[in-house]
Amino acid sequence: MDGPVPGWLADTVLYQLYPQSFADGNGDGIGDLAGIVDHLDHLAWLGVDTVWITPCFVSPFRDAGYDVADHFTIAPRYGGNDDLAALVDAARGHGIRVLLDLVVGHTSDRHPWFRAAIDDPDDHRYIWADRSEPPPGFVASPGTRPGGYLPNFFDFQPKLNFGYGRANPAEPWRQPVDAPAPRANRAAVREIMDFWLGRGVAGFRVDMASWMVRDDPEWVETARLWQEIRGWLDATHPDAVLMSEWGDPRIAVPAGFHADFFLHVGGDGNGRPLRSLWDTGDGVRRDDWGRLDCYFDPDGRGSPAAFLAAWREAVDAIGDAGFVALPTANHDFDRLCCGRRTAEQLPAAFCFLLTWPTLPAIYYGDEIGMRYLPDLPDVEGSVTVPGYNRAGSRTPMQWSGGPGAGFSTAPPNRLYLPPDPDPRRPTVAAQRADPGSLLHVVRRLIELRRHTPQLGARGSVRVLHAGYPLVYLRGDRFLVVVNPRRAPARIGLPRPVRGTPVLGGGVRLADGGTGAPAGGRPASSGPGGDAAPNGGGPGGAGGRPGGDRVLADGFGYAVLLLDEPYPPA
Ligand code: TEU
Ligand code: CA
């Protein structure tokens with residue numbers, strides 16, 4: 001049904017950037033496209049090769065640009081359409097593809113379509129209840145038209161009409177998906193995509209992709225919609241990709257996407273697969289989340305089991321049709337460095353991210369361990385409900401020291417959001433100069449992944465221990481060990497193995513018989529240091545380090561290349 005997945009996608013390392021906060025080229029305090037161009041060398045040096053830019057189109061910015069008022073024009077604060085073309089070109093020169101954000105479930109209430117619809121009862125681009133009292137969930141009409149419209153997210157984001165999965169005579173606004181207005185909106189989606197693909201972008205991250213058709217049990221009609229668009233895409237732009245904000249890859253990929261993100265929300269568990277890895281509970285909170293101990297928790301109270309089960313279920317449903325994308329964070333959720341999870345834990349987290357068979361997506365700044373900043377003001381709709389402030393993950397990229405953090409030359413009070421005030425905040429400049437920094441660890445991991453197909457999204461994986469530490473085999477020769485807790489951890493293997501660390505710190509193979517200590521001391525060489533080449537036990541005497549025990553210091557992580565293929569299960 002759907003065409004083949006473009007070959008480049010399997011090997012890619014994604015980087016999400018929030019254009020407001022990445023780099024300010026003209027000194028007005030807000031990031032822009034020219035600023036991104038200026039920093040492509042950083043991205044190329046890091047090794048990422050696909051950049052997703054959150055919406056950069058004309059907008060009143062009441063939801064940070066997710067309220068689009070003109071899908072065909074770059075917002076003046078970011079530059080013009082020519083600047084986007086220049087960015088795409090310059091990025092290509094650095095071996096980097098650019099994905100834009102496709103926000104077509106709704107528009108801004110300032111969009112000309114909506115301005116027309118509020119006075120025209122025959123206009124069905126949006127979903128209107130044309131009755132004096134708008135029904136629950138609808139927003140009162142701001143125009144001469146009676147009744148009200150259905151919002152998609154905030155009230156100022158009227159939902160575009162893609163029809164309903166089920167009719168109901170009492171609710172005449174439930175049009176079938178193939179009524180003229182829903183069909184016109186589908187055509188508009190293709191037109192927007194075609195416009196930007198024609199300007200060289202490599203595809204789209206699709207906002208609220210599961211919310212297109214309303215009252216759509218099992219997403220049957222929503223899937224038909226995306227499959228239709230995917231069919232068109234495959235025929236016209238076979239090298240382009242569609243990645244969904246759905247949060248349930250097991251449904252989203254069969255529905256027509258090349259990849260879907262595990263998110264903090266979505267799916268049966270309401271974001272549980274991702275939150276069971278990362279959610280410390282110290283950043284944004286939602287009432288419907290409940291309590292959860294995440295695996296990447298310094299006190300080691302979590303388990304990777306929920307993630308592993310959901311990932312397995314997703315890849316079984318997807319097969320070769322696409323991928324699960326695994327983000328470090330995003331503009332809606334906490335950064336990796338948040339609350340109790342501190343910088344020393346991040347190398348282990350990145351080791352997992354970059355050696356697990358998913359598409360890794362690095363949220364800008366996470367590569368240096370920028371932290372989620374609590375208690376910021378509500379900027380451009382960053383607060384969705386009280387207690388849920390996304391601004392903490394949207395602060396300026398910390399390029400260097402100084403009041404503007406190298407992000408902008410504007411006076412501090414003109415910056416989009418304040419940079420982290422901590423004098424010890426991480427910066428790109430400082431970490432580039434320090435080969436032991438997180439930034440260098442991330443770079444080495446990306447490089448290793450790039451040169452090692454066994455570690456990529458398509459390679460096989462076999463989990464040998466799903467706890468502390470997490471131990472898994474990629475291909476039959478790469479043993480990955482991740483211990484995200486502060487306390488050391490050890491496991492026994494069914495038989496001794498020998499191997500050489502290719503990357504990491506604080507992990508050893510040792511012989512069980514000697515009872516070589518598991519640790520109790522900090523990771524031997526700190527984040528970014530090399531794994532101890534030898535467990536110190538007799539397993540290494542006279543030959544390669546080895547043994548039937550895996551010993552991991554607190555926060556230890558390593559990728560080991562085994563001398564011999566690991567025996568099949
Ligand atoms: O997000 C939709 C969404 O459901 C969430 O990620 C939401 O922001 C979070 O749960 C807070 O309650 C997408 C965009 O990623 C987000 O930034 C936009 O605000 C939203 O759509 C509307 O376009
Ligand atoms: Ca600017």
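Everything numeric in this text was worked out from a predicted model, so none of it was measured. Just follow the structure's listing: the first ligand is 1, and inside any ligand the first atom is 1.
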Do you know which two heavy atoms are closest between Met370 and Asp366, and how far apart they sit?
O-OD1, 4.2 Å

Minimum heavy-atom distance between Asp123 and Trp128, given as atom pair plus value:
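Here Asp123 and Trp128 meet closest at O-CD1, 4.0 Å.
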
If we count only N and O atoms by modelled type, under 3.5 Å, do the side chains of Arg394 and Asn389 hold a donor and an acceptor together?
no

Do Tyr15 and Glu367 have side-chain N/O donor and acceptor atoms under 3.5 Å apart?
yes

Please tabulate, for the side chains in residues 53-62, all donor-acceptor contacts under 3.5 angstrom to protein atoms that are two or more places apart in sequence or on a different chain.
{"from": "Ser59", "atom 1": "OG", "to": "Phe61", "atom 2": "N", "distance (Å)": "2.8"}
{"from": "Ser59", "atom 1": "OG", "to": "Asp67", "atom 2": "O", "distance (Å)": "2.7"}
{"from": "Ser59", "atom 1": "OG", "to": "Asp67", "atom 2": "OD1", "distance (Å)": "2.8"}

What are the protein N, O or S atoms, given as residue plus atom name, that sit under 3.0 Å from the Ca ion (ligand 2)?
Asp24 OD1, Asn26 OD1, Asp28 OD1, Ile30 O, Asp32 OD2

Heavy-atom distance to [atom]: which of [options] wins?
{"atom": "atom 2 (C) of ligand 1", "options": "Arg286, Arg62, Glu245", "answer": "Glu245"}
{"atom": "atom 23 (O) of ligand 1", "options": "Asp67, Asn152, Asp207", "answer": "Asp207"}
{"atom": "atom 16 (C) of ligand 1", "options": "Asp332, Leu263, Thr384", "answer": "Asp332"}

Which ligand 1 atoms does Asp63 reach within 4.0 Å, using its non-hydrogen atoms?
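Atoms satisfying the 4.0 Å criterion: 18 (C), 19 (O), 20 (C), 22 (C), 23 (O).
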
Applying a strict 4.0 Å limit to heavy atoms, is Glu380 in contact with ligand 1?
no

Measure the distance from atom 9 (C) of ligand 1 to every protein heavy atom, then report the residue, atom name and distance (to 0.1 Å) of the closest one.
His264 NE2, 3.7 Å

How far is atom 8 (O) of ligand 1 from its nearest protein heavy atom, and which residue and atom name does that atom have?
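Ranked first by proximity to atom 8 (O) of ligand 1 is Arg390 NH1, 3.0 Å.
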
So that I can tick it off, tell me whether Arg250 and Asp268 are bridged by a salt bridge, with the cut-off set at under 4.0 angstrom between side-chain N and carboxylate O.
yes

Are more than 12 heavy atoms, taken from residues, nucleotides or ligands other than Trp211, located less than 6.0 Å from that residue's CH2 atom?
no

Parallel, tilted or perpendicular: which fits the ring planes of His331 and Tyr18, with parallel below 30° and perpendicular above 60°?
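Aromatic pair His331/Tyr18 classed parallel.
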
Could you please spell out the steps behind the side chain to side chain contact (heavy atoms under 4.5 Å, CB included) verdict for Leu150 and Tyr126?
CA-CA 7 Å; Leu150 188 69; Tyr126 300 88; over 6 Å; no

